[in-house]
Structures are given as structure tokens and as C-alpha cells.
Amino acid sequence: MSRRRTAGVLAVVLGLSGLAGCSSAAPDGAPSPAATASATPNAGAIAALARLDSWFDRAGTANTSLSTVLTSRPANPLISMMQLSGPTDVLTGATQLQGGRQQSSGANTEVDAVSADGEFYSTVPPRQGATGQSAGTPPSWTRTALTTVQGTDSVHSIWWLALHHLDKVHLDGPSTVGKNPATEYTGTVDLSTVPGIPASVLQEPFFKETGSTELSVDLYTDMDTGALVQLTYRMGLKVSIDAVPTTKSLSGFQVDLSDFGAPTALPTPVVVPAEKYIVSDGNDDLCLLLFF
């Protein structure tokens with residue numbers, strides 16, 4: 001366990017112990033049952049954070065799911081939802097994702113994304129086979145440097161830094177990952193307080209439209225072994241084609257990392273598009289969500 005995380009866990013334990021010392025006593029001088037219960041740290045939550053630390057030490061390839069939703073202001077908002085999945089090398093950022101974009105208007109397009117050698121590429125709709133484009137026409141791609149989402153003086157993304165800053169989670173209850181029973185623990189990290197996350201990144205339109213700098217983090221552990229089986233971080237609106245914009249939030253995203261032990265194989269090397277298919281304009285929101 002890292003020194004930072006150890007200090008955080010000790011603070012939780014000591015803080016809870018302090019609550020016990022300050023709690024009101026029953027008439028016979030014994031602490032009340034409620035105070036005794038609140039003074040007991042959740043061992044599973046502490047173990048889940050330790051599992052997260054351990055995963056950072058041996059991070060490799062994981063299956064990744066990126067989901068985003070973007071709305072326009074009421075009335076009659078246009079909703080655009082995108083979901084992609086595939087393997088990612090979380091140490092280098094190399095990835096190969098496939099999925100699609102769905103709009104509340106009924107328009108659907110396929111989307112591909114790949115990342116290698118510090119560059120992230122995603123297809124520009126319409127892709128081959130889409131209306132008005134011949135099936136044999138290669139897609140156009142945008143290109144974004146991974147440095148766009150890197151922390152200050154770091155080779156990792158802001159999400160790596162944010163999750164290292166997670167020092168407390170609470171038990172959320174039983175859940176499932178795939179078809180397997182799991183236990184879910186939830187915590188939050190305010191990105192604006194994390195050292196190394198540039199303020200300029202949080203000023204990107206996509207983040208500003210989420211209406212918050214608070215990142216919600218879910219840790220899922222195997223109900224039998226306690227092993228970390230899924231890591232989720234999300235912000236803003238719930239990702240759904242039925243998402244309803246608010247005065248505060250117009251967008252949202254969710255990223256899931258799972259199958260740490262046996263992910264889908266990542267091609268070596270990841271094949272990137274030829275230079276002639278790269279276009280200068282495009283949207284780099286997907287790159288902003290990549291964990292590495």
C-alpha cells in the first residue's frame with residue numbers, strides 16, 4: 001500500500017476512533033450501540049482501496065468501455081450518446097475501441113478509435129457504409145495528442161492522478177460484474193483539488209458542460225476473493241439516450257475498466273490510420289477520457 005493511501009486509511013480509522021471517544025454514553029457509562037457501530041471502520045472498504053493500490057503497481061491491459069452523453073439546452077434537446085469498448089494498455093495508453101454514436105433523432109453511426117505512440121485517433125462520421133458514402137470509402141480520422149489529457153510533469157492521464165488521490169470509499173452494497181456477484185464501494189474525488197491536474201484541462205468545454213469537477217468512483221470487488229474486478233469513474237449526467245439536461249449539466253460520461261486478469265488481446269502493434277486519412281478538425285472528447 002502506498003504511503004499516501006496508508007496515511008489516508010489511518011486517518012479514517014483514527015477519525016472513527018475519535019468519534020467513538022466523543023460519543024454520548026448510555027446511562028451505565030457504556031457507549032451507545034449507534035456510536036459503537038459508527039466507530040467501526042469498514043474493513044471491506046479499506047481492503048478495496050488496498051486492492052486499487054496493488055492494481056496500480058501491476059497495471060497492464062484491461063477491457064475499457066467509454067460512454068458519453070451530450071445534450072443541448074431545453075426545450076426539445078438533441079441527445080447524442082456514444083459508447084465504445086475494447087482493450088487498453090493502461091500504462092502506455094495504447095488502445096483499440098469500437099462502438100457507435102446514437103442520437104435521439106434516430107441517426108446512428110459507427111465509431112472506431114485507436115491509440116498508439118502518444119496519439120489518439122477516432123473516426124469522423126459518417127463512416128464507411130453510412131448514408132451518402134460508398135461502402136468502399138475509407139473513413140476519415142481525427143488525431144489528438146495524449147498530452148492533451150496528461151497531468152503536469154506526468155506521463156499519465158489526469159484520471160491516473162485522480163484515482164491515486166482517492167483515499168476513502170464507503171460500502172454501496174452487493175452488485176454484479178458480468179454474471180458474477182461483486183461488492184461495490186463508492187467514493188468521490190474533486191478534480192480541482194488534485195495536484196498535477198491542469199486547470200486548463202478542466203476548462204475544456206466537455207468538462208465544463210458536466211457542471212461539476214467532482215468525479216464519482218466505483219470499485220467492484222469479487223464477493224468471494226475480494227479481488228478488484230472493475231473500476232468505474234463518471235461525472236455529470238447519467239449516460240442514457242433519455243438523459244435530461246439541467247440548468248447545471250449538459251453532458252456526462254462513464255469509463256469502466258474490467259477483466260484485469262484476462263482482457264481481450266490488444267493487437268501488437270496497434271495499427272493507426274494512414275496520414276492521408278487524417279483531418280484537422282474534429283472532437284477530442286474521447287481522448288480526454290482515456291485512462292493511462
Side-chain angles (χ1 to χ4, degrees), residues 62-88 94-116 119-144 148-149 177-178 204-211 230 232-246 249-259 263-264 266-267 270-274 276-291:
N63 283 343
T64 301
S65 174
L66 305 182
S67 303
T68 69
V69 64
L70 179 63
T71 68
S72 58
R73 293 194 180 278
N76 299 320
L78 176 66
I79 303 172
S80 177
M81 186 178 73
M82 188 157 44
Q83 294 180 306
L84 294 91
S85 61
T88 300
T95 190
Q96 186 170 49
L97 306 172
Q98 291 182 314
R101 178 185 286 103
Q102 178 183 4
Q103 293 186 334
S104 55
S105 63
N108 299 313
T109 53
E110 296 180 15
V111 179
D112 287 338
V114 296
S115 176
E119 303 282 355
F120 183 89
Y121 306 82
S122 62
T123 53
V124 180
R127 214 189 87 169
Q128 57 192 52
T131 302
Q133 188 177 27
S134 64
T137 304
S140 298
W141 300 71
T142 60
R143 176 170 55 198
T144 307
T148 302
V149 72
V177 173
E204 290 286 342
F206 183 75
F207 290 128
K208 292 183 69 174
E209 289 170 351
T210 65
Q230 182 171 304
T232 296
Y233 53 91
R234 48 196 164 82
M235 182 185 291
L237 295 178
K238 182 178 180 180
V239 177
S240 168
I241 196 62
D242 299 318
V244 178
T246 68
S249 182
L250 294 176
S251 69
F253 66 83
Q254 177 172 316
V255 178
D256 302 296
L257 301 173
S258 62
D259 297 314
T264 303
L266 182 67
V270 173
V271 179
V272 301
K276 63 181 178 180
Y277 299 123
I278 307 299
V279 296
S280 58
D281 58 337
N283 190 312
D284 61 1
D285 288 349
L286 285 175
C287 181
L288 291 173
L289 301 181
L290 193 63
F291 183 94

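None of the values given here were measured: they were computed from a predicted structure. Residues: numbered from 1 along the sequence shown.
- Heavy atoms only, all atoms of each residue included: Leu266 and Ala94 are closest at CD2-O, 3.7 Å.
- Distance OG/Ser115 to CG/Leu286: 11.5 Å, rounded to 0.5 Å.
- If you take CZ on Phe253 and OG1 on Thr68, they are separated by 10.0 Å, rounding to the nearest 0.5 Å.
- The distance from the CG atom of Asp112 to the CD atom of Gln98 is 5.0 Å, given to the nearest 0.5 Å.
- By the side chain to side chain contact (heavy atoms under 4.5 Å, CB included) test, Gln254 pairs with Thr232, Arg234, Val239, Asp256, sequence neighbours left out.
- Under the 3.5 Å distance criterion, the side-chain polar atoms of Ser249 are left unmatched by any main-chain donor or acceptor of Thr246.
- Distance CZ/Arg143 to CD/Glu119: 5.5 Å, rounded to 0.5 Å.
- Side chain of Tyr233 to main chain of Leu289: a donor-acceptor pair is present (N/O by atom type, distance under 3.5 Å, no hydrogens or angles).
- Side-chain atoms of Gln83 and Leu66, non-hydrogen and from C-beta on, never get closer than 4.5 Å to each other.
- A search for side-chain hydrogen bond (donor to acceptor under 3.5 Å, both in side chains) contacts involving Thr88 returns Thr64, Thr95, not counting sequence neighbours.
- The side-chain heavy atoms of Glu209 and Leu70, taken from C-beta on, include a pair separated by under 4.5 Å.
- Looking at Leu288 and Glu204, their side chains come closer than 4.5 Å, going by heavy atoms from C-beta outward.
- Under the side chain to side chain contact (heavy atoms under 4.5 Å, CB included) criterion, Thr264 pairs with Asn63, Pro87, not counting sequence neighbours.
- Remark: Trp141 CH2 to Lys276 NZ distance equals 14.5 Å, nearest 0.5 Å.
- Residues Pro267 and Gln96 form a side-chain contact, since some pair of their non-hydrogen atoms from C-beta on lies under 4.5 Å apart.
- Residues satisfying the ring pair (Phe, Tyr, Trp, His ring centres under 6.0 Å) test with Phe120, not counting sequence neighbours, are none.
- Closest approach of Ala243 to Pro245, counting heavy atoms only: O-CD, 3.8 Å.
- For Tyr121, the ring pair (Phe, Tyr, Trp, His ring centres under 6.0 Å) test picks out no residue, with sequence neighbours left out.
- Judged by distance alone, with hydrogens and angles left aside, the side-chain atoms of Ser251 form no donor-acceptor pair with the main-chain N or O of Val69 at under 3.5 Å.
- Nearest heavy atoms, Pro139 versus Thr123: CB-CG2, 4.0 Å.
- Separating the CD1 atom in Ile79 from the OG1 atom in Thr71 is a distance of 6.5 Å, to the nearest 0.5 Å.
- Within the 3.5 Å criterion, the main-chain N or O of Ser65 finds no donor-acceptor partner in the side chain of Ser85.
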